[in-house]
Structure formats: C-alpha cells, structure tokens
Amino acid sequence: MTIDWNRQNFPGDDRESHPAVQALRDRFGNDVLEVGTFRGEVWVVVAPERCREVLLFLRDEPSLSFNFLSDLTAVHWPRRADAPLEVVYQLYSIAGRMRFRVKTRIPDDSEVDSAVPVWASAEWLEREVYDMFGIRFAGHPDLRRILNPEGFVGYPLRKEFPVGGRVKW
C-alpha cells in the first residue's frame, strides 16, 4: 500500500487538513483537545482516558498506518497546575513516510494506559519515562526503574529536581 502524503501539503495554518487529524476528529470528536504544528510536523493532544484507543486507531486504520512508535517521552510543565505532565508519542507511518505526534496531559498523581499492548517497543520507553518523570502506566507488564537504582528518591527530569542532583537512597 502506498499513501501519497506530501509534507508540504500541511503548512502550519492548514494542520486540520492532515489526514490523521481529520480521521481523529471524525472518530473521537471532542476527545481531540488541541491540534498544532512544529517545524512542519503535526501534533494532537488527546484526552488521557482515550489515549490508548487513539494510538490503536492510528496504528490499525489502513489509510493512516502509523505502525512504528519511534519514541515515547514526557515533558514536565510545572506552571500548568491542572495537568503538569505531558506524555508524548512520536509515531511514524512507514508506508506513508510521515511523522505524527500524539500528546496527552495528566495531573501529577495520575496515570495513563500503557502503550505496550499497541507496540511492544513501548515497554522500555515507558519504564524510562516512569524512572525520570514518575509517570505511571496502567497495565504495564514490568513498571520499575530502568536507569536509576531501586530506592532512588525523586525524578531527575522534573523541573523541581535540584540541578546538582541529590544522593539519597
């Protein structure tokens, strides 16, 4: 299958015409909370309770075929009081040669469904996000620290973590 997507067809002001955005709006409606672009690549923010369902749809919909999870990371926005943690999924369609970013925002003490049932490669990526940001992934098969030793206190990539680090176990 060949998908004819041309990156130049989706300049910043025309992000709503991206086929993935249109398909997500049709299927998930108001659960697509925000749409944007960065350096010519389109991203969406989706409701956290629908995140795994959105990822499955993007992977399985034949006209989209985002079949490769190239990265999964997080960002800490401490000034955004209602949902300071943002989980970011970097997707790639091999057939369409197109990147697409899915984000979801969660409160500090919340969790998001694991993407491991969608892409097995999410297992270690989610462990890294848990270790560095403290984000829990519901249904993850082995959620434990991967970079820091067990018993390490804190989450080094959160903004409030001391710049000099802390050694307390």
Side-chain angles (χ1 to χ4, degrees), residues 1-107 110 112-135 137 146-147 155-159:
M1 162 173 55
T2 303
I3 302 170
D4 186 29
W5 290 346
N6 183 340
R7 173 184 217 127
Q8 278 63 38
N9 289 341
F10 310 109
D13 293 339
D14 198 24
R15 57 188 168 248
E16 290 289 335
S17 68
H18 190 285
V21 173
Q22 290 177 342
L24 288 173
R25 290 242 190 249
D26 290 345
R27 174 77 186 265
F28 297 97
N30 291 337
D31 288 328
V32 178
L33 307 175
E34 191 177 336
V35 179
T37 59
F38 182 72
R39 295 188 177 172
E41 294 181 7
V42 179
W43 54 264
V44 295
V45 176
V46 299
E49 60 275 3
R50 301 292 299 275
C51 189
R52 185 189 299 166
E53 191 178 348
V54 165
L55 296 173
L56 276 167
F57 175 76
L58 289 168
R59 183 195 70 184
D60 295 342
E61 173 60 36
S63 65
L64 300 173
S65 190
F66 285 100
N67 50 354
F68 179 61
L69 174 67
S70 58
D71 197 16
L72 188 161
T73 190
V75 183
H76 182 217
W77 302 98
R79 291 186 181 155
R80 192 170 52 210
D82 59 334
L85 296 170
E86 188 171 82
V87 182
V88 182
Y89 303 85
Q90 308 276 0
L91 308 181
Y92 186 72
S93 170
I94 295 169
R97 297 187 310 266
M98 178 67 78
R99 296 184 187 287
F100 192 68
R101 188 173 296 125
V102 176
K103 303 176 183 184
T104 193
R105 297 173 179 153
I106 60 172
S110 186
V112 66
D113 286 334
S114 174
V116 172
V118 184
W119 293 285
S121 61
E123 184 173 353
W124 282 33
L125 298 170
E126 287 178 353
R127 285 182 60 190
E128 181 178 355
V129 168
Y130 166 72
D131 195 10
M132 303 308 272
F133 291 93
I135 297 172
F137 293 89
I146 192 169
L147 299 171
Y155 303 105
L157 291 183
R158 287 200 182 194
K159 302 283 195 285

Closest contact, heavy atoms only, [X] versus [Y]:
| X | Y | result |
| --- | --- | --- |
| Val112 | Pro48 | CG2-O, 4.1 Å |
| Asp131 | Tyr155 | O-CD2, 3.5 Å |
| Ala115 | Leu55 | CB-CD1, 4.1 Å |
| Leu85 | Pro107 | CD1-O, 4.1 Å |
| Pro78 | Pro84 | CA-CB, 4.2 Å |
| Leu91 | Trp119 | CD2-CH2, 3.4 Å |

Give a yes or no answer on whether the side chain of [X] reaches the backbone of [Y] with a donor-acceptor pair at less than 3.5 Å.
| X | Y | value |
| --- | --- | --- |
| Ser114 | Phe137 | no |
| Ser70 | Gln90 | yes |
| Thr73 | Val88 | no |
| Lys103 | Glu86 | no |

- Among Asp113, Thr104, Asp31, find the residue that satisfies the side chain to side chain donor-acceptor pair (under 3.5 Å) test when tested with Arg50. Asp31
- Task: Check step by step if side-chain contact (heavy atoms from CB on, under 4.5 Å) holds for Glu126 and Leu72.
- Result: CA-CA 7 Å; Glu126 287 178 353; Leu72 188 161; 3.8 Å; yes
- Message: Which residues pass the ring-ring contact (aromatic ring centres under 6.0 Å, His included) test with Phe100, not counting sequence neighbours?
- Response: His18, Phe66
Return a table of donor-acceptor pairs under 3.5 angstrom between the side chains of residues 21-29 and protein atoms on other chains or two or more places apart.
from, atom 1, to, atom 2, distance (Å)
Arg25, NE, Glu16, OE1, 3.0
Arg25, NH1, Val32, O, 3.3
Arg25, NH2, Glu16, OE2, 2.9

So, do [X] and [Y] sit near enough that their side-chain heavy atoms are less than 4.5 Å apart?
| X | Y | answer |
| --- | --- | --- |
| Leu64 | Pro19 | yes |
| Glu128 | Leu147 | yes |
| Leu69 | Val118 | no |

- Query: Which distance, rounded to the nearest 0.5 Å, do you find between the CZ of Phe38 and the CZ of Arg101?
  - Reply: 7.5 Å
- Item | Nearest-0.5 Å distance, OG of residue Ser110 to CZ of residue Arg105 | 14.5 Å
- Note on the structure: Contacts of Arg59 meeting salt bridge (charged side-chain N to carboxylate O under 4.0 Å, His left out) (sequence neighbours excluded), chain-then-number -> none
- Task: Please report the C-alpha distance between Glu34 and Trp43 in whole Å, then the side-chain angles of each, then the deciding distance to 0.1 Å, and finally whether the side-chain contact (heavy atoms from CB on, under 4.5 Å) criterion is met.
- Result: CA-CA 8 Å; Glu34 191 177 336; Trp43 54 264; 3.3 Å; yes
